[in-house]
Amino acid sequence: MEAQTFKMQVTVAPGTQLKGVRAYMVLSKLQECSEIITTTPDIEALEAGEFDNTFEIVFSTTESEQDIVKDIEDISEIESVVNQVVTEQQDKSTKQDDQSQENNLSQHNNLSQHNNLPQEDGLSQQNKLSQGKNTPQPQANSQQQIEQAVEVEKKYIVFQIGSEEFALPIDNVMSIERTIKITRVPNVPTHILGVVNLRGIVIPVIDLKYRFTGQKTEMNDSTRIIICRYDSLEVGFFVDSAKDVLTVNNDLIEPAPDIEKSEATEYIQSLIHMKKRIIILLDIAKLFQQDERS
């Protein structure tokens with residue numbers, strides 16, 4: 001099937017917490033089956049949640065339009081998805097605008113380094129002179145730069161349990177749900193609240209506060225169920241609130257302190273230390289191993 005270019009307008013529900021998470025999930029879903037050409041606002045602003053309730057993505061794909069739209073609509077708290085085919089002329093204009101922005105940025109960077117040195121063949125004379133007259137300057141590999149950035153930075157969902165902040169890797173988070181009907185299940189450990197039916201999938205729900213402290217989480221407007229997946233198993237974690245998404249440099253992650261073992265400390269992997277803020281990074285593998293046995 002020949003690739004087609006689409007412009008998708010996605011609207012998240014009013015009052016949605018963590019809009020950046022929703023945008024991240026939409027982008028991740030599209031990247032599985034398409035090439036993203038441009039976004040409005042840019043990807044950095046989307047993942048930071050710096051947009052009103054609506055954003056746009058232009059992408060190219062060979063997949064079925066109906067299947068792609070359905071996948072995006074299935075993401076929690078997505079209110080509407082409007083998708084339209086981009087004509088060849090519109091597609092060309094979009095790519096030209098995108099290329100123009102990249103060229104302007106490149107020119108700006110070169111001029112800021114040396115105002116009197118013109119750019120030649122995508123390389124500044126300043127870079128050439130710094131490496132020798134006859135030494136070719138290797139072109140930057142953008143994909144390699146992205147991979148290097150991923151190695152030193154990771155994204156985490158931060159949530160509240162009691163007075164403490166905890167985090168889990170965003171790659172393991174499937175969705176964040178408002179409190180929905182939980183069906184009780186007999187003869188299970190007390191910290192297992194029951195199961196929910198989420199778009200046809202039955203998922204157990206764990207009260208993390210009860211597991212860690214023996215106190216039940218009180219249900220209110222802030223409580224959320226964080227649906228996570230690990231090793232083909234899905235579990236919902238019931239928490240006091242879901243706070244934000246953090247991009248954390250690995251330099252800010254410290255080993256867990258050597259403290260007396262307890263039900264809670266068993267699941268601590270490390271600490272994220274950001275100025276006066278300390279966030280407990282949970283070991284999702286241990287959480288799931290324990291739940292699977294239960």
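- Side-chain contact annotation: Glu63 with Thr61, donor-acceptor N/O pair under 3.5 Å absent.
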Working for salt bridge (charged side-chain N to carboxylate O under 4.0 Å, His left out), residues Glu65 and Lys70: CA-CA 9 Å; Glu65 177 184 4; Lys70 183 179 183 304; over 6 Å; no
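- Proximity of a side-chain donor or acceptor of Asp240 to a complementary backbone N or O of Gly162 within less than 3.5 Å is detected.
- Between Phe288 and Phe237, the ring planes are perpendicular. Angles over 60° get that label, and only those under 30° would be called parallel.
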Step by step, would you call Glu79 with Asn53 a side chain to side chain donor-acceptor pair (under 3.5 Å)? CA-CA 9 Å; Glu79 185 174 73; Asn53 287 350; over 6 Å; no
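- Asp244 and Arg277 are joined by a salt bridge, as a carboxylate oxygen and a charged side-chain nitrogen come within less than 4.0 angstrom of each other.
- Leu168 has its side chain out of reach of Val158: every pair of non-hydrogen atoms, C-beta onward, lies at least 4.5 Å apart.
- With hydrogens and angles ignored, the 3.5 Å screen pairs no side-chain donor or acceptor of Arg178 with any backbone N or O of Arg224.
- In this structure a side-chain-to-backbone donor-acceptor pair under 3.5 Å is missing from Lys154 to Asn249.
- Listed for the Asp207 side chain is a donor-acceptor partner under 3.5 Å among the backbone atoms of Thr217.
- Nearest approach of Glu2 to Thr62, heavy atoms of both residues: C-CG2, 4.2 Å.
- Between Gln215 and Lys209 the shortest heavy-atom distance is O-CG, 3.2 Å.
- In terms of heavy atoms, Ser34 sits closest to Ser60 at CB-O, 3.1 Å.
- The closest donor-acceptor contact from the side chain of Arg184 to the backbone of Leu193 lies under 3.5 Å.
- Criterion: ILVMFWY side-chain heavy atoms under 4.5 Å apart, direct or through other members. Under it, Leu271 and Ile253 are not part of a common hydrophobic cluster.
- Between the side chains of Glu153 and Asn250, not a single donor N or O lies within less than 3.5 Å of an accepting N or O.
- Closest approach of Ala167 to Ile272, counting heavy atoms only: CB-CD1, 4.3 Å.
- For Thr213 (side chain) and Tyr210 (main-chain N/O), no donor-acceptor pair under 3.5 Å exists by modelled atom type.
- For Phe166 and Phe212, the ring centers sit closer than 6.0 Å to each other.
- Minimum interatomic distance between Ile284 and Cys228 (heavy atoms only, all atoms of both residues): CD1-CB, 4.2 Å.
- Without hydrogens or angle criteria, Asn220 side chain to Thr223 main chain gives a donor-acceptor distance under 3.5 Å.
- Criterion: ILVMFWY side-chain heavy atoms under 4.5 Å apart, direct or through other members. Under it, Leu252 and Val245 are not part of a common hydrophobic cluster.
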